[in-house]
Amino acid sequence: MSLPDFLIAGVPKAGTSALHAALAPHPGLFLSAVKEPKFFLSDGPPPRHGGPGDVQTYQEHVWRREDYEALFSAARPGARRGESTPFYLHDLDSHARIAKLLPDVKIILVLRDPVDRAHSNWAHLFGAGLESEADFLRAVELEPRRRAAGWAAFWHYTGLGQYGSQLEHLLTHVDRPRVLLLRYRDLRDRPAGTLDRVCTFLGVETGLLAEAPPENVRRFVDDTPANAVIRLALRTGGRIGHHFPLPVRKAVRTPLLGLLHRRHGSRPRVTPAQRATLLPRFADEIRKLEDVSGESYADWLSLEHASRYQP
């Protein structure tokens, strides 16, 4: 039976792709070639409806047990096996599934200031042509309506940042010593030391990894009339593309993305006004995170906190 020994389980837009890529060369580790199999997000087949692009993503889920185990079958004897699905922390139902199938699993969480994380999430979807709202706060206000309509978790800009409650729930299924909390900014600014922390946690040799290459960073595009037309075409493709084979989808989407990104603007930063508007939504969760984790995240509660770690 080939199952993972560890999971990089959170959070989206906080460096999980970079961490996955950084750990992959370690001789004592085996990272699945499919970076986000999303196996524990469902019991059986994934949903069949959602927002723009969601159903196409659902079609990529590795949800059959035999297919999931096959991801780790090529691991060298003795290597620690792992995969990275950053939605596991957010999906509370996944916690019991993980604990049942992987009772000794180790879990790595990379956490990011939740306001910055939400903003980066919005910028990613806007740059992909899927997000219709050019105004970040307006997009956030649409979240409850989109959730009620069954849009996938990646559209939950504030919901994905409820770290305190999510970690509290996870720790009812996984013992605290088997959960490693990392900060996104440490992975970016001090990669060698942060990767050594991960290697120590996983029980493999330290000192072999020094860089966390940028991964999954999407260009930001300006909100011009021409780009608005292209984004509309991409959103339309996102809604109906699952009816077509993957080669057909790529043949249409790739040139549209090329047009959208022919010229790209400077990635916007979180403004003080945006931070002041959103921070109250996360304040209780940040305090709960401190209580549950035993670590300090007080800097996230400051309106003067610099958003220096985008994208």
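Side-chain contact check for L109 versus L167: some heavy-atom pair is nearer than 4.5 Å. Contact of the E205 side chain with the L208 side chain is registered, since non-hydrogen atoms from C-beta on lie closer than 4.5 Å. Residues L23 and I8 form a side-chain contact, since some pair of their non-hydrogen atoms from C-beta on lies under 4.5 Å apart. Between L19 and L182, the closest side-chain pair of non-hydrogen atoms falls below 4.5 Å. With contacts defined as side-chain heavy-atom distances shorter than 4.5 Å, the pair L41/P46 does not qualify. For the pair T172 and H95, the minimum side-chain heavy-atom distance is 4.5 Å or more. Side chains of R147 and W151 form no contact here, defined as non-hydrogen atoms less than 4.5 Å apart. A heavy-atom distance below 4.5 Å is found between the side chains of R117 and V11.
Salt-bridge annotation for E211 and R190: absent, with no side-chain N of the basic residue lying under 4.0 Å from a carboxylate O of the acidic one. Ion pairing between D284 and R287 holds under the 4.0 Å rule for side-chain N and carboxylate O.
Remark: K106 qualifies as a cation-pi partner of F201 under the 6.0 Å distance and 45° angle criteria applied to the six-membered ring.
Checked against the 6.0 Å centroid threshold, H124 and F154 count as a close aromatic pair. Taking the ring centroids of Y297 and F282, they lie at or beyond the 6.0 Å cut-off. The ring of Y157 has its center no closer than 6.0 angstrom to the ring center of W122. Annotation: H61 is in aromatic contact with Y58 [ring centroid separation under 6.0 Å].
Inspection of the E83 and T85 side chains reveals an N or O donor paired with an N or O acceptor under 3.5 Å. No side-chain donor from either of S84 and E36 sits under 3.5 Å from a side-chain acceptor of the other.
Atom CG of L7 is separated from atom CZ of R178 by 10.5 Å, given to the nearest 0.5 angstrom. Taking CG of L92 as the start and CG of L170 as the end, the distance is 9.5 Å to the nearest 0.5 Å. For the atom pair D113 CG and S302 OG, the distance stands at 10.0 Å (nearest 0.5 Å). The structure places CZ of R183 at 5.5 Å from CH2 of W300, a figure rounded to the nearest 0.5 Å. Summarising the geometry, atom OG1 belonging to T194 is positioned 11.0 Å from atom CZ belonging to R185; distances are rounded to the nearest 0.5 Å. To the nearest 0.5 Å, atoms OG1 (T271) and CZ (F136) are separated by 9.0 Å.
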Show the numbers, then the answer: is there a salt bridge (Lys or Arg N to Asp or Glu O under 4.0 Å) between R275 and D116? CA-CA 9 Å; R275 183 171 294 280; D116 288 346; 2.8 Å; yes
After noting the C-alpha distance and the side-chain angles of F6 and F30, does the key distance pass the ring-ring contact (aromatic ring centres under 6.0 Å, His included) rule? CA-CA 10 Å; F6 68 94; F30 178 87; 10.0 Å; no
Go through R97 and D91 one step at a time and tell me if the side-chain contact (heavy atoms from CB on, under 4.5 Å) criterion holds. CA-CA 11 Å; R97 299 183 190 116; D91 189 299; 4.1 Å; yes
Derivation and outcome, salt bridge (Lys or Arg N to Asp or Glu O under 4.0 Å), residues R146 and E131: CA-CA 12 Å; R146 290 169 169 180; E131 172 58 75; 2.8 Å; yes
Candidate pair L111 and L89, rule side-chain contact (heavy atoms from CB on, under 4.5 Å), full reasoning: CA-CA 10 Å; L111 303 181; L89 178 64; 4.2 Å; yes
Take R81 and S32 through the side-chain contact (heavy atoms from CB on, under 4.5 Å) test and state the conclusion after the steps. CA-CA 8 Å; R81 302 178 294 267; S32 64; over 6 Å; no
Going through the distances and angles, do E168 and K288 end up as a side-chain contact (heavy atoms from CB on, under 4.5 Å)? CA-CA 8 Å; E168 184 178 56; K288 181 182 288 188; 3.7 Å; yes
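Between W155 and L125, the closest heavy-atom pair is CE3-CD1, 3.7 Å. The two atoms that bring P37 and L71 nearest to each other are CB-CD1, 3.7 Å, heavy atoms only. Nearest heavy-atom pair, L209 versus C199, reported as atom, atom and distance to 0.1 Å: CD1-SG, 4.1 Å. When every heavy atom of A212 is checked against every heavy atom of P191, the shortest pair comes out as N-CB, 3.9 Å. In terms of heavy atoms, F40 sits closest to L102 at CZ-CD1, 3.6 Å. Scanning both residues, L289 and S293, for their nearest heavy atoms gives O-OG, 2.6 Å.
Linking ILVMFWY residues whenever their side-chain heavy atoms come closer than 4.5 Å, directly or via other members, leaves L142 and V140 in distinct clusters. Tracing side-chain contacts under 4.5 Å through hydrophobic residues (I, L, V, M, F, W, Y), one never reaches W63 starting from V34; they form parts of separate clusters.
Side chain of N121 to backbone of A118: no donor-acceptor contact under 3.5 angstrom is found. The backbone N or O of E69 lies less than 3.5 Å from no partner atom in the side chain of S73, so there is not a single donor-acceptor pair. Of the possible donor and acceptor atoms, one in the side chain of R80 sits under 3.5 Å from a partner among the backbone N and O of L202. In this structure, the side chain of E285 engages the main chain of S165 through a donor-acceptor pair within 3.5 Å.
The aromatic rings of H173 and H169 sit tilted, their planes meeting at an angle between 30° and 60°.
Within a 6.0 Å sphere centred on CZ of R145, heavy atoms belonging to other residues, nucleotides or ligands number 12 at most.
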